[in-house]
Asker: 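Submitted below is the structure of interest, expressed as C-alpha cells.
Chain A is the first sequence line, chain B the second, and so forth, proteins listed ahead of strands; every chain is numbered from 1.
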Amino acid sequence: MQPEFNPSEIEAKWQKKWEEKKVYEMDFKKAKDPYYCLVMFPYPSGARLHVGHWYMYSVPDSFSRFQKMRGKDVFHPMGFDAFGLPAENFAISTGTPPAESTEGNVGVMIEQFKRMGCMYDWSKTLNTSKPDYYKWTQWLFLKMFEKDLAYRKDANVNWCSGCKTVLANEQVWEGKCERCDTDIILKPMTQWYWKTKEYAQKLLDNLEELDWPEKTKIMQKNWIGRSEGMNFKFKVKDSDVEFEVYDSVPQTFRAQTFAVIAPEHPLLTELIKGQENEQEVLDFIERVKKKKATKKYNFEEDLEGVFTGRYVEFVTGDLPLWVASFAVMDYGTGIVNCSVHDERDFAFAKKYDIPLHVVMVPEDEKEAKKVKNLEYCFTKDPDGIMLEPEEFKGRRWGEVRGDIIKYIEKEGIGYPVVQYRLRDWTISRQRYWGSLIPIVYDPDGKAHPVPEEHLPWKIPIDVEFKPTGTSPIAESKELKKRVEKIFGKGWTPEVDTMDTFVCSSFYQFRFLAENGQKELVPKTVEKKWMPVDMYIGGPEHACMHLIYARFVTMALKDMGHVSVDEPFQKLFHQGLITHKGAKMSKSKDNVVSPDDFVEKYGSDVFRLYMMFMGPFADGGDWNDTGIKGPDRFAKKAYKKIIQSKFGEQSKALTVGLNRTIKKCTEEMEALRFNTAISSLMEFLNLTEKEGIDKDSAETFVKLLAPLAPHLAEELWENLGGKGFVVEQEWPKFDPKLIQSDMVTIAVQVNGKLRGDFEAGSGILEKDAISQAKAVENVKRFIEGNKIKKEIYVEGKLVSFVV
RNA sequence: GCCGCUGUGGUGGAAUGGUAGACACUAGGGACUUAAAAUCCCUUGGACAUUAGUCCGUGCUGGUUCGAGUCCAGCCAGCGGCACCA
C-alpha cells in the first residue's frame with residue numbers, strides 16, 4: 001500500500017520542524033551575502049487573509065526561497081501596519097479598544113502566515129502601533145521639527161458632518177462620505193506639514209538610478225510635476241500690495257490683459273475691502289468654496305468669476321483683477337495672469353467679455369485672421385509666428401522661449417523659477433489610533449517639541465475612541481495632567497496623530513533594528529543591508545507610500561542617521577487576482593475564500609495554482625477548477641518520488657533535466673513562476689516515458705522547493721537528503737547538455753511552412769539544405785521554380801525563396 | 001483632455017524576428033469500477049479534406065522582411081494613473 005499525499009499532515013510537520021530548528025532566523029552580522037527582500041506589510045483589519053494577501057505574500061516567499069538556495073543570505077521579514085483607519089474602524093464596530101483588538105487581529109494573522117509556510121523570521125517582526133515602534137515615529141517627527149522640515153499651517157480638511165470626523169481623500173466618494181453618504185465640506189484646521197517639496201528635485205533626479213518599473217517612475221515624475229517658467233512682479237493699483245505671478249509660457253506675456261486670483265487667497269479680503277461690490281465678491285467666494293468642497297467640481301461647466309474692482313499694474317497696462325473659480329491656491333502664487341493664448345483664459349474672457357490681445361498667429365493668413373478675430377484660441381504651437389514684443393516679431397514660438405526669458409529678465413519684469421506640482425505632506429490626522437504628534441503648546445500657543453527622553457509619548461487610554469469631531473485625544477484628562485506636570489501650568493498637548501504613511505516611511509530600517517537599542521537602526525547593520533534589494537507591493541502606492549518613504553530616507557540620510565538616500569533599489573509590482581473577470585468585492589459577490597481551498601488542497605497546491613495563473617506582474621483570473629492542474633501535478637510528483645524504483649538516466653532525460661534547470665532558474669529570477677512550474681510539469685511528464693533516476697529526482701525536488709516548500713521537504717527527506725531542502729544549493733545546468741542529438745528542422749517555402757525533417761544536431765548548412773529539398777511536400781513547392789534564396793537557421797529552420 | 005499599459009483557442013496563458021497555441025483547465029469520447037470519485041488513454045483554433053494535405057487565423061488597416069503575435073506607422077477597444085497646475 002502506497003502512502004497517500006496528505007498535504008495538511010505534511011505541511012504541519014514541516015512548519016513545526018522549520019520553527020524548531022530556527023531555519024529562517026537571520027543573524028545580520030554573520031550574513032555574508034545579504035539580500036533584503038521586503039514586501040509591503042499588511043494592515044490588520046480584523047478580516048481573515050484574503051486571496052490578495054496569499055498572492056502578495058506567498059509568491060515573494062517563493063522568490064526569497066529561490067534566492068536563499070542560490071546562496072544569498074535572504075532577510076525576508078513580516079510586520080504589521082497596525083495604526084490607522086482599518087484597525088480603528090474594526091475597534092469602533094466591535095467596541096473593543098483598538099490596542100486590544102489589534103493585538104488579537106495581528107495574532108490571528110501570524111497564525112495564518114505560518115499556515116502559508118512563509119520563511120519569515122518572526123523574531124524580527126514589528127508592529128507600528130506598539131510603543132517601541134511608535135517611539136521612533138515620534139522621534140522622526142522631532143528630527144523633522146529640529147531640521148525645520150516640519151511646520152504648521154491652516155488648511156482645509158474633508159469634513160463629514162454625519163460622522164463628525166475628518167476623512168482622508170480616499171474616503172470621499174463623489175463628494176460624499178463613503179460610510180454615511182453625507183456631503184463632504186472643507187473645513188479649515190491647523191495641520192502639521194512635512195516639507196516634501198524641499199526634496200522635489202532630488203526625488204525626481206534619483207529616479208534615473210532606480211531599477212523600478214518604468215510606468216511607476218513616470219507616475220512619480222508626473223506627480224512631482226516639475227515645470228519651468230517665470231515669476232512676474234505685480235503691484236495692485238492704488239495700494240501698497242505687491243505680489244508675483246507664475247507663468248510657464250512666458251513667450252506670450254505681452255498678451256496678458258487680465259489677471260485672476262484664487263478664491264482662497266489670503267490677500268483677497270483685504271483687496272476688496274471697501275470696494276463697491278465687496279459683498280458680491282464675498283458671496284462668490286463662499287459659493288465656489290462650497291462647490292469645490294463637494295469634489296464635484298468641473299472646470300468646463302463651473303468656469304466662473306467676478307471682478308474684484310481692482311487693477312494690477314503690468315507692462316501691458318492696468319489689468320483688471322478677477323476672482324476666478326479655476327485659480328488654484330496651492331500652485332504657483334495663487335494668482336494667474338491671463339491671455340488669449342490659453343484655452344481656459346480664452347474661455348473665461350469670452351464668457352465675461354474681457355478684452356483680449358493677440359501676440360501670436362498661425363502662418364496661414366486665413367487662419368491668422370481668424371485668430372485675430374478671436375474665432376478660436378491659438379496656443380502653444382511651435383510654428384506660431386510672434387507679433388510682439390517688437391524685438392521678436394516674425395520669429396517662431398517654438399524657438400523663441402530662451403531669448404524671451406533673457407529679455408524679460410533684462411527688462412526687470414520677471415525672473416526664471418521652477419515650480420513643482422508636488423505638495424507638502426499633511427501629516428496631521430484628527431484620529432485616535434495613530435502616533436501622537438510629540439508637540440506641546442505653551443500658554444501663548446507656541447509649539448515646543450516633547451523632549452526625546454519622554455518618548456514613547458504614549459497614547460492616552462482614558463478616552464472614547466469613537467470619532468467625535470476633534471481628535472478624541474483632546475478629551476484625555478490624563479494627557480492634560482501629564483503635560484502640565486512635565487512642562488508647567490497652562491501648557492497643552494497636541495492632540496492630533498500622524499498619518500499612518502509616516503509609520504511606513506521608515507519601517508525598512510526598523511526591521512534591521514532591535515528593541516531597546518538607542519538608535520533608529522545600528523549603523524553597521526544598516527550599511528550592510530540597505531538599500532532593500534527587492535521591494536514588492538502594489539502599484540497603487542506609486543505616488544503615496546513610495547514617495548514618502550523616499551523622502552524620509554533622504555531626510556534621514558542628510559541628518560546622518562542612515563547611509564542611503566534611496567530605500568528601495570529594485571521595485572516590483574504584483575498583479576491583481578480577479579474572479580470572473582472582476583476585482584473581488586463583497587458587492588459583486590465574487591470573493592474567493594482561500595481558507596476553503598487551503599483546507600482541501602493544502603497551502604503548497606494553493607500557492608502553486610496562484611503562481612501558475614500567469615506572470616506575477618500580471619495577476620490572473622481565479623477559476624475554481626483550474627487548481628486541479630497543480631493539484632494533479634503535486635500528487636504525481638509525490639507518487640513519482642516516493643515510490644520510484646530509481647534506474648539509469650536516459651539521454652533524453654539528461655537533456656530534459658538540464659533544460660528544466662535552465663528554464664526554472666531564468667523564469668524564477670524574473671518572477672515568472674507560471675513558466676517555471678510548466679517546465680517542471682513538462683519534466684515530470686517526460687519521466688512517465690523515460691523513467692527517473694535518483695540524481696534527477698533530487699534535482700527535481702530542489703527545483704520544486706521554492707514553489708511547494710512543504711512537499712519538497714517531505715520528498716527530500718524521503719530521498720534520504722541531509723538537512724532541509726531549502727538549505728541546499730540550487731542546481732546548475734550544463735550548457736552542453738541542453739542540446740539533444742537529434743533536432744527537427746522546419747522547412748519553409750516563401751515563408752510558409754511546408755514540412756520538416758529529423759537531423760543530427762551538428763548538421764552542416766549544405767546538408768540541411770539538400771535534405772530540406774528532398775522533403776516530399778517541399779518538393780511539390782520548389783519543383784519547376786527557380787530558387788532565389790536559401791536561408792538556414794542553425795538547428796531550426798531552412799527557408800527557400802522561389 | 002494628458003500620460004502609461006494591454007488586446008493570442010471555450011478559459012488561464014506559452015512563444016531570443018524563425019514550426020503560433022507550450023503547460024494547464026474545461027468539454028467530448030474511451031478504459032477501470034456494481035456505482036461515483038480518483039486514475040489512465042485519445043480528441044479538442046476554424047473551414048475543406050479525413051490518407052496525404054490545403055486554406056484561413058494572434059483587435060483593425062497598412063509598412064519593413066525570405067519570414068511578423070513579436071519591429072514601424074495610423075486607427076479601434078479595454079484597463080490604470082493624473083486631471084482647472086497658469
Side-chain angles (χ1 to χ4, degrees), chain A residues 4 213-223 225 227 229 245-250 256 259-260 262 292 297-300 302-303 324-339 341-345 347-348 419-423 539-540 542-543 576 578 581 583 609 612-615 617-633 635-636 639 663 672 674-685 688 744-756 776-777 780 787-802:
Chain A
E4 286 284 318
E214 219 37 55
K215 66 167 182 183
T216 309
K217 288 193 195 181
I218 290 168
M219 268 196 241
Q220 288 210 351
K221 228 179 202 168
N222 293 341
W223 190 266
S227 153
V245 173
Y246 178 73
D247 189 351
S248 70
V249 195
Q256 289 160 21
V260 296
K292 281 192 173 179
Y297 199 73
N298 180 300
F299 149 57
E300 272 162 29
D302 299 318
L303 188 71
S325 56
F326 66 83
V328 181
M329 189 52 225
D330 45 5
Y331 186 77
T333 60
I335 305 179
V336 195
N337 39 9
C338 300
S339 83
H341 299 298
D342 177 282
E343 295 274 2
R344 188 198 41 207
D345 298 350
F348 187 81
Q419 277 290 337
Y420 299 93
R421 200 171 298 198
L422 185 74
R423 312 271 146 97
E540 68 275 15
C543 294
L576 188 70
T578 54
K583 199 171 164 176
Y609 176 51
F612 189 59
M613 279 194 282
D618 293 1
D621 196 60
W622 178 271
N623 179 307
D624 282 356
T625 56
I627 195 170
K628 280 187 181 170
D631 183 45
R632 284 176 191 148
F633 167 69
K635 282 188 178 125
K636 262 194 233 173
K639 217 167 127 190
K663 182 84 175 164
R672 288 189 299 254
N674 55 330
T675 40
I677 293 167
S678 72
S679 76
L680 287 173
M681 286 174 168
E682 278 177 89
F683 179 75
L684 197 62
N685 292 344
E688 294 295 319
T744 305
I745 295 180
V747 187
Q748 292 181 349
V749 180
N750 286 347
K752 292 208 177 220
L753 181 72
R754 293 305 176 191
D756 55 36
E776 205 53 43
N777 196 45
R780 289 176 40 201
I787 295 175
K788 282 198 264 180
K789 204 168 178 184
E790 294 167 345
I791 295 150
Y792 176 60
V793 181
E794 201 185 320
K796 277 203 161 160
L797 166 134
V798 175
S799 181
F800 297 114
V801 186
V802 300

Asker: I want to check one thing: is the phosphate of B:rA14, taken as OP1 and OP2, less than 4.0 Å away from some side-chain N or O of A:K663?
Answerer: no
Asker: Pick the closest RNA chain B nucleotide for A:K215 and for A:I677 by heavy atoms, then say which residue is nearer the 5' end.
Answerer: A:K215
Asker: Can you find a side chain N or O atom of A:N623 that sits less than 4.0 Å from OP1 or OP2 on B:rG13?
Answerer: no
Asker: Using a 4.0 Å heavy-atom cut-off across all strands, classify A:P539 as base, sugar-phosphate, or nothing.
Answerer: nothing
Asker: Checking only heavy atoms, does the side chain of A:R423 share a donor-acceptor pair with the base of B:rC85 at less than 3.5 Å?
Answerer: yes
Asker: B:rG18, OP1 or OP2 - any side-chain N/O from A:S799 closer than 4.0 Å?
Answerer: no
Asker: Using a cut-off of less than 4.0 Å, is there contact between a side-chain N or O of A:S227 and OP1 or OP2 of B:rA86?
Answerer: yes
Asker: For nucleotides B:rG17 and B:rU6, find the distance between their P atoms and express it as a whole number of Å.
Answerer: 15 Å
Asker: Taking only the side-chain nitrogens and oxygens of A:R632, find out if one of them lies under 4.0 Å from OP1 or OP2 of B:rU39.
Answerer: yes
Asker: Is the distance from OP1 or OP2 of B:rA22 to the nearest side-chain N or O of A:N674 less than 4.0 Å?
Answerer: no
Asker: May I ask you to verify if any side-chain N or O of A:R780 is less than 4.0 angstrom from the OP1 or OP2 atom of B:rA52?
Answerer: no
Asker: Give a yes or no on whether a donor-acceptor pair under 3.5 Å exists between the nucleobase atoms of B:rG4, that is its base, and the side chain of A:E214.
Answerer: no
Asker: When the distance from CD of A:E776 to C1' of B:rU54 is rounded to whole Å, what number comes out?
Answerer: 16 Å
Asker: What does A:F612 touch in the nucleic acid at a heavy-atom separation under 4.0 angstrom: a base, only the sugar-phosphate, or nothing?
Answerer: base
Asker: Taking only side-chain N and O atoms of A:K583, does any of them lie within less than 4.0 angstrom of OP1 or OP2 on B:rG80?
Answerer: no
Asker: Does OP1 or OP2 of B:rU19 have a side-chain N or O of A:R754 closer than 4.0 Å?
Answerer: no
Asker: A:G332 and A:Y246: which non-hydrogen atoms are nearest, and at how many Å?
Answerer: CA-CB, 4.2 Å
